[in-house]
Colleague: 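Quick one: the structure is below, and I'll ask about it shortly.
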There are 2 protein chains.
Amino acid sequence: MENFRIILQKVNLKVTNARLGVLELFARSQKPIDAEEIFAYLQKEGVDADRATVYRMLETFYEKGIIDRFEFQEGKFRYELAGSDHHHLICEQCGRIEDISDCGINVLEREIKEKKGFLVKRHALEFFGVCESCQQ
Amino acid sequence: MENFRIILQKVNLKVTNARLGVLELFARSQKPIDAEEIFAYLQKEGVDADRATVYRMLETFYEKGIIDRFEFQEGKFRYELAGSDHHHLICEQCGRIEDISDCGINVLEREIKEKKGFLVKRHALEFFGVCESCQQ
DNA sequence: AACATATATGCAACTGAGTTGCAATTAGCA
DNA sequence: TGCTAATTGCAACTCAGTTGCATATATGTT
Ligand SMILES: [Mn+2]
Ligand SMILES: [Mn+2]
Ligand SMILES: [Zn+2]
Ligand SMILES: [Zn+2]
């Protein structure tokens with residue numbers, strides 16, 4: 001797991017404890033996390049970074065393309081390590097978040113270019129509902 | 001356009017000037033608007049409702065299904081009169097917002113139910129990119 | 001028309017998420 | 001080892017939204 005250094009170096013960011021800690025948390029999280037969760041994790045690990053630093057790291061990582069950013073209608077952002085285009089099933093009962101891929105939207109994006117002339121750079125797609133175990 | 005009263009009465013909400021004003025603004029807006037725009041409009045019209053009242057109206061209208069709520073990665077919500085399922089093309093250069101329908105996602109929702117057991121209640125889908133006139 | 005009362009509103013204080021200016025620190029490089 | 005740009009801490013701030021509580025008012029009932 002020493003490739004965190006390399007990830008940072010690749011995008012010309014200095015290697016610091018706070019940044020390594022954040023990347024470590026991202027790597028072990030399988031769902032999108034928010035700034036406060038990151039802040040709490042760093043404190044627990046004794047890295048002790050300021051909230052401003054956490055927000056600045058997230059901004060930087062997002063700009064550099066290291067992480068993706070999502071909105072789940074909560075009034076805040078959530079982030080994940082950047083990966084393949086995928087989306088989420090958000091259970092409104094228990095809060096569980098499940099990944100889904102293959103949204104088939106590139107077809108739609110091509111249609112949008114043809115019909116409306118609009119060039120799509122990225123899209124946000126999230127599903128809200130009830131997960132399997134909450135349906136019983 | 002006196003059916004605003006009826007809209008409110010149908011969902012057991014009292015008819016007030018502030019509410020009529022907000023519905024009027026929604027009716028004449030062809031793109032999603034935010035709380036601050038509503039607040040400013042009411043002031044201009046001399047209705048003079050408090051910000052708290054605006055937020056409470058939006059919450060109530062949303063709960064009653066009178067309006068839909070959207071997120072455009074701005075750190076705030078935007079609202080539209082509830083209508084048919086549709087989505088938006090958001091130009092990151094000029095801010096123009098265009099509607100699109102026929103996202104074809106009901107097919108995907110059925111697949112999600114079959115494959116993952118997850119019951120989709122609603123979805124959020126927005127496209128970010130560059131509009132036709134901003135491409136020249 | 002007056003009354004009763006649930007509902008809506010104003011006000012002011014508060015929260016939570018995120019931002020910013022500036023001074024001090026430090027990683028990366030020579 | 002020293003230089004310097006990048007990073008961080010701190011504290012104050014902004015912006016979106018919420019809440020408690022007292023007052024006002026829309027509407028159904030007499
Ligand atoms: Mn994910
Ligand atoms: Mn629309
Ligand atoms: Zn669930
Ligand atoms: Zn444009």
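Reminder, nothing fancy here: chain letters follow the sequence lines and each chain counts from 1.
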Colleague: With rounding to the nearest 0.5 Å, note down the distance linking CD1 in B:Ile7 to CG in B:Leu81.
Modeller: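 Atom-to-atom, B:Ile7:CD1 and B:Leu81:CG are 6.5 Å apart.
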Colleague: Please determine whether a side-chain nitrogen or oxygen atom of A:Tyr55 lies at a distance below 4.0 Å from atom OP1 or OP2 of C:dT19.
Modeller: no
Colleague: For C:dA8, take OP1 and OP2 only and decide whether either is under 4.0 Å from a side-chain N or O of B:Arg19.
Modeller: yes
Colleague: Below the 4.0 Å mark, does D:dA26 have OP1 or OP2 next to a side-chain nitrogen or oxygen of B:Thr16?
Modeller: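 Looking at the OP1 and OP2 atoms of D:dA26, neither is under 4.0 Å from any side-chain N or O of B:Thr16.
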Colleague: For B:Asp50 and D:dT19, give me the distance from atom CG to atom P, rounded to whole Å.
Modeller: 15 Å
Colleague: Figure out the CZ/P separation between B:Phe39 and C:dT9, and round it to whole Å.
Modeller: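 Taking CZ of B:Phe39 and P of C:dT9, I get 14 Å after rounding.
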Colleague: Which part of the nucleic acid, if any, lies within reach of A:Lys76 when heavy atoms closer than 4.0 Å are counted: base, sugar-phosphate only, or nothing?
Modeller: sugar-phosphate
Colleague: Touch check for A:Asn17, heavy atoms < 4.0 angstrom, all strands: base, sugar-phosphate only, or nothing?
Modeller: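 Nothing, no heavy atom under 4.0 Å.
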Colleague: Rounded to whole angstroms, how far apart are CZ on A:Phe4 and P on C:dA27?
Modeller: 19 Å
Colleague: In whole Å, what is the span from the CZ atom of A:Phe77 to the C1' atom of D:dC15?
Modeller: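 So the CZ-C1' distance, A:Phe77 to D:dC15, works out to 13 Å.
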Colleague: Between B:Glu74 and A:Val54, which has a closest nucleotide on DNA chain D that is more 5'?
Modeller: A:Val54
Colleague: Would the base of C:dG10 count as contacting B:Arg56 through its side chain, where contact means a donor and an acceptor less than 3.5 Å apart?
Modeller: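 Indeed, a donor on one side and an acceptor on the other fall under 3.5 Å apart.
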Colleague: With heavy-atom distances below 4.5 Å as the criterion, would you say the side chains of B:Arg69 and B:Glu59 are in contact?
Modeller: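 B:Arg69 vs B:Glu59: side chains apart.
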Colleague: As an exercise, state the distance from CD1 of A:Ile90 to CZ of A:Phe128, rounded to the nearest 0.5 Å.
Modeller: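 The CD1 atom of A:Ile90 sits 4.0 Å away from the CZ atom of A:Phe128.
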Colleague: CD1 of A:Ile38 versus C1' of C:dG18: gap in Å, rounded?
Modeller: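 Interatomic distance, CD1 of A:Ile38 to C1' of C:dG18: 13 Å.
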Colleague: CE of A:Met57 versus C1' of D:dG9: gap in Å, rounded?
Modeller: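 Taking CE of A:Met57 and C1' of D:dG9, I get 12 Å after rounding.
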Colleague: Tell me: CD of A:Glu36 to C1' of C:dT15, nearest whole Å?
Modeller: 12 Å
Colleague: Taking the nucleotide of DNA chain C with the nearest heavy atom to each, does A:Arg51 or B:Arg51 sit closer to the 5' end?
Modeller: B:Arg51
Colleague: Counting side-chain heavy atoms from C-beta on, which of D:dA11, D:dT8, C:dG28 comes nearest to A:Ala52?
Modeller: D:dA11
Colleague: Please state how far atom CG in B:Leu8 lies from atom P in C:dA6, giving the value in whole angstrom units.
Modeller: 21 Å
Colleague: Would you call the rings of A:His86 and A:Phe70 parallel, tilted or perpendicular, where under 30° means parallel and over 60° means perpendicular?
Modeller: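 Taking A:Phe70 first and then A:His86, their aromatic rings sit tilted (interplane angle of 30° to 60°).
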Colleague: In terms of hydrophobic clustering (I, L, V, M, F, W, Y; side-chain heavy atoms under 4.5 Å; direct or indirect links), are B:Tyr55 and B:Phe26 co-clustered?
Modeller: no
